[in-house]
Every structure is written in C-alpha cells, then in structure tokens.
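Take a look at the structure below.
Computed from heavy atoms alone, side chains included, the values below leave out hydrogens, waters and symmetry copies.
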Amino acid sequence: MQQTFAIIKPHAVKSKFSGKIIDMIEAAGFEIVEMKKITMNQAQAQALYAEHEGKPFYNGLVSIMTASPLIVLKLQKNEAVALWRELMGATNPANAAQGTIRALYGNSLDENAVHGSDSPASAARELAIFF
C-alpha cells in the first residue's frame, strides 16, 4: 500500500463541496487514514510550496491557502500517488477530464479544489508537514 497527501482547498470547503469530494475519494477505493480540518499557518504553506518560492504566483498561493479552513488528508491505496492525481484531473480545471474533481469543483487555476502530491517522495515530505 502507498500513501499520498491530499488537500481539499479553502474555496471548495467554503463552497460545501467537501462531502462530495470525500465521497469521490472513497468511491475510488482510497482509504482515508487520517483527515482533519485546519487553517493552514504561514509556516506550513511555505513548507508545502517551498519549490515554488520566488515564482510570481508563490505569495498569492500562500495567501489563498492560509486564508480560511481547508481539509488535509492522508490517503492510502495501491499506487495512491498516481491514482489520486488521476482522480484530481489536470491542474487547470478548464483542461481537466470530465468527471474528475477539478472538472466538477474547480473554478480556476488558483481555485482548483484539491491538491495532491506529485511523487512518493513529495507525499512523504508533505505528509510530514501536517501529520
């Protein structure tokens, strides 16, 4: 079994899409090992997005992610990283395949509903920040 990290982002929580997204996660066969609703602090956001520091969108991303509550999840399944990324859909909801979380609940590139680790190494690093 492999574990991965997921976030239901602030706008999706505010829009009351959390339950629908969690239903999709469970219907896809993921085990939710841990889940909590938090307001991400500055240090967590900076650690999560450290690889983007210095890029034009970095400060806005940190601001969005620390502005209001979100849900962090530790998911488990065989090939969890790849299968979670598939369920999320493309980063830009406009390009996400029909039926994916981002196609259904994402508003824009900035408000794309969910986050997921892009590799097993990233998953381990990101999980350690929150769990």
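- Met65 pairs in a side-chain contact (heavy atoms from CB on, under 4.5 Å) with only one of the listed residues (Gln44, Lys9, Gln46), which is Lys9.
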(request) Start with the C-alpha distance between Thr91 and Leu109, add both sets of side-chain angles, then the distance that settles side chain to side chain contact (heavy atoms under 4.5 Å, CB included), and finish with yes or no. (result) CA-CA 7 Å; Thr91 304; Leu109 194 55; 3.7 Å; yes
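- Lys74 places none of its side-chain heavy atoms less than 4.5 Å from the side chain of Phe130.
- No chain of hydrophobic side-chain contacts below 4.5 Å, direct or via other Ile, Leu, Val, Met, Phe, Trp or Tyr residues, connects Leu127 to Val81.
- Listed for the Arg125 side chain is a donor-acceptor partner under 3.5 Å among the backbone atoms of Ala47.
- Atom-to-atom distance recorded for Ile101:CD1 and Asn112:CG is 10.5 Å, nearest 0.5 angstrom.
- Using a 4.5 Å heavy-atom cutoff, the side chains of Asn78 and Met1 are in contact.
- Looking only at distances, no side-chain donor or acceptor of Glu31 sits under 3.5 Å from a matching main-chain atom of Gln76.
- Annotation for Lys37: atom NZ does not count as buried by contact number, only 12 or fewer foreign heavy atoms lying within 6.0 Å.
- A continuous path of Ile, Leu, Val, Met, Phe, Trp and Tyr side chains, each step under 4.5 Å between heavy atoms, connects Leu48 with Phe131, placing both in one hydrophobic cluster.
- Between Trp84 and Phe30, the ring planes lie perpendicular to each other; the angle is over 60°, past the 30° to 60° tilted range.
- Between Ile22 and Ile8 the shortest side-chain heavy-atom distance falls below 4.5 Å.
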(message) Walk me through whether Met24 and Tyr105 qualify under side chain to side chain contact (heavy atoms under 4.5 Å, CB included).
(response) CA-CA 12 Å; Met24 290 179 73; Tyr105 304 112; 3.8 Å; yes
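- Using a 4.5 Å heavy-atom threshold, the side chains of Glu111 and Lys14 count as separate.
- Under a cut-off of 6.0 angstrom, the local environment of CD in Glu79 is sparse, with at most 12 non-hydrogen atoms contributed by other residues, nucleotides or ligands.
- Listed for the Arg85 side chain is a donor-acceptor partner under 3.5 Å among the backbone atoms of Gly116.
- Within a 6.0 Å radius of NZ in Lys77, other residues, nucleotides and ligands contribute more than 12 heavy atoms.
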